[in-house]
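Structure record follows, encoded as structure tokens.
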There are 2 protein chains.
Amino acid sequence: MSSLSKQIEEYIKALLAQETAGVVEIQRNFLSEYFNCVPSQINYVLSTRFTPVQGYMVETRRGGGGFVRIVSLQLDEDDDLQDALTDAIGSQLTQNDCEGLTAYLYQQGIITQREMLLFNSMLKDRVLTGLEKSQRDNIRASMMQHMLAMLNMMRHT
Amino acid sequence: MSSLSKQIEEYIKALLAQETAGVVEIQRNFLSEYFNCVPSQINYVLSTRFTPVQGYMVETRRGGGGFVRIVSLQLDEDDDLQDALTDAIGSQLTQNDCEGLTAYLYQQGIITQREMLLFNSMLKDRVLTGLEKSQRDNIRASMMQHMLAMLNMMRHT
DNA sequence: ATGTTTTAAACCAAATCTGACCTTTGCATA
DNA sequence: TATGCAAAGGTCAGATTTGGTTTAAAACAT
């Protein structure tokens with residue numbers, strides 16, 4: 001029994017997959033009517049699943065002709081991963097964001113699917129036992145930052 | 001005369017046996033109602049009988065559409081991965097021992113060199129910031145156990 | 001008798017969903 | 001031109017729906 005948020009997420013990602021440019025423009029009210037939910041539900045989905053650390057940017061415009069624009073961010077071959085991602089990661093990384101980040105890295109061809117699954121298996125809340133939430137989010141951020149530094153090094157040598 | 005925990009264990013294992021994929025998704029509340037017990041009883045069973053060392057992985061999600069997912073790893077006796085999972089890792093793993101373990105896994109062809117380097121970069125003491133030594137060694141052990149469980153699962157699928 | 005496993009209960013945390021109220025923008029028209 | 005209305009979208013707090021953790025007592029085994 002997939003949740004409404006999950007369905008909306010899938011729907012938007014399907015739209016993005018159709019667009020070669022990696023940009024989708026849509027109306028919030030269209031989505032909320034399509035899924036028969038309150039408009040703020042859409043904001044919830046955008047803010048939990050389409051953040052920079054997960055490889056997305058969201059721009060909006062109010063008023064007549066308003067829209068929600070979702071952009072899938074692309075990483076270049078020669079981009080410095082740390083420059084591109086350290087800010088987005090910050091000093092705290094929740095399990096949810098972390099899984100979004102690994103999915104992004106996989107989708108961008110930076111890590112393999114296997115690596116994504118292995119990282120995810122190590123970084124779950126359930127695995128980081130006996131720690132406060134803020135400690136967990138802290139070391140997740142730290143681990144991903146250092147992992148990216150190592151990836152970067154391997155790319156440039 | 002068989003204990004409640006035992007019954008719940010058998011029930012879950014029967015569900016798993018029905019699934020060719022070796023994956024079962026179910027709600028904790030469904031189980032606790034079915035067995036007419038408190039919900040935490042389910043957690044007790046999961047944490048005592050469905051651990052990575054015992055050949056299972058458990059994933060959960062809270063909130064609407066939440067679930068408990070139990071994955072059977074189908075371990076074969078007598079292989080290196082299995083040995084590493086059950087013997088080499090205790091409940092504590094120092095940075096040094098951890099690097100020894102990743103080197104061993106690499107030698108045995110279980111992980112790639114790149115994976116070894118990435119894991120090592122994430123699991124250093126200085127990366128696991130703000131924790132007591134025993135906490136660090138603890139979650140390192142937990143992370144490696146879960147990582148190996150995932151490796152094992154991927155091997156069989 | 002003692003130690004271990006099991007069970008229950010009270011309390012905690014995370015993810016989702018809703019609704020009331022607010023802000024911005026474009027356009028029509030006084 | 002000023003201004004008011006309609007048409008977007010935004011924010012936030014609280015309710016709802018799951019699952020998690022801790023602790024103490026009960027049951028069981030040695």
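Below, all heavy atoms of this structure are taken into account, side chains as well, without hydrogens, waters or symmetry copies. All figures in this text were calculated on a predicted structure; none of them were measured in a lab. Per chain, numbering begins at 1; letters A, B, ... match sequence-line order.
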Can you check whether [X] has a side-chain N or O nearer than 4.0 Å to OP1 or OP2 of [N]?
{"X": "R49(A)", "N": "dT16(C)", "value": "yes"}
{"X": "S3(B)", "N": "dA27(D)", "value": "no"}
{"X": "N29(A)", "N": "dG9(D)", "value": "yes"}

Nearest-Å distance for atom pair [atom1]/[atom2], residues [X] and [N]:
{"X": "Q27(A)", "N": "dT25(C)", "atom1": "CD", "atom2": "P", "result": "16 Å"}
{"X": "K6(A)", "N": "dC17(C)", "atom1": "NZ", "atom2": "P", "result": "12 Å"}
{"X": "E33(B)", "N": "dT17(D)", "atom1": "CD", "atom2": "C1'", "result": "13 Å"}
{"X": "F30(B)", "N": "dT17(D)", "atom1": "CZ", "atom2": "C1'", "result": "18 Å"}
{"X": "E25(B)", "N": "dT18(D)", "atom1": "CD", "atom2": "P", "result": "13 Å"}
{"X": "E9(A)", "N": "dC17(C)", "atom1": "CD", "atom2": "C1'", "result": "16 Å"}
{"X": "L4(B)", "N": "dC28(D)", "atom1": "CG", "atom2": "C1'", "result": "15 Å"}
{"X": "Q95(A)", "N": "dG19(D)", "atom1": "CD", "atom2": "P", "result": "15 Å"}

How close do [X] and [Y] get, counting heavy atoms only, and between which atoms?
{"X": "Q54(A)", "Y": "D97(A)", "result": "NE2-OD1, 3.5 Å"}
{"X": "T94(B)", "Y": "R140(B)", "result": "C-NE, 3.5 Å"}
{"X": "E99(B)", "Y": "N120(B)", "result": "CG-ND2, 3.5 Å"}
{"X": "S3(A)", "Y": "G64(B)", "result": "CB-O, 3.9 Å"}

Mind checking whether Y11(A) and Y34(A) have parallel, tilted or perpendicular rings, split at 30° and 60°?
tilted
In residues 39-48 of chain A, which ones come under 4.0 Å of DNA chain C, going by heavy atoms?
S40(A), Q41(A), Y44(A)
Using a 4.0 Å cut-off on heavy atoms, which residues in residues 127-134 of chain A reach DNA chain C? List them by number, or say none.
K133(A)
Does atom CZ (F67(B)) have a neighbourhood of more than 12 heavy atoms from anything else shown, all under 6.0 Å?
yes
Scan nucleotides 26-29 of chain C against the protein and return all N/O pairs shorter than 3.5 Å with their distances rounded to 0.1 Å.
unit_1	atom_1	unit_2	atom_2	d
dG26(C)	OP1	R61(A)	NH2	3.1

For residues [X] and [Y], determine if any side-chain heavy atom of one lies less than 4.5 Å from a side-chain heavy atom of the other.
{"X": "L123(B)", "Y": "R136(B)", "value": "no"}
{"X": "Q41(A)", "Y": "S32(A)", "value": "no"}
{"X": "L73(B)", "Y": "R155(B)", "value": "no"}
{"X": "L15(B)", "Y": "I70(B)", "value": "no"}

Check: D125(B) main-chain N/O paired with Q95(B) side-chain donor or acceptor under 3.5 Å:
yes
Roughly how far, to the nearest 0.5 Å, is the NZ atom of K6(A) from the CZ atom of R61(B)?
6.5 Å
Please determine, for the side chain of V38(B), which listed nucleotide (dA8(C), dT16(C), dG19(C)) has the closest atom?
dA8(C)
Counting only distance, no hydrogens or angles, is the base of dG10(D) paired donor-acceptor with the side chain of R28(A) under 3.5 Å?
yes
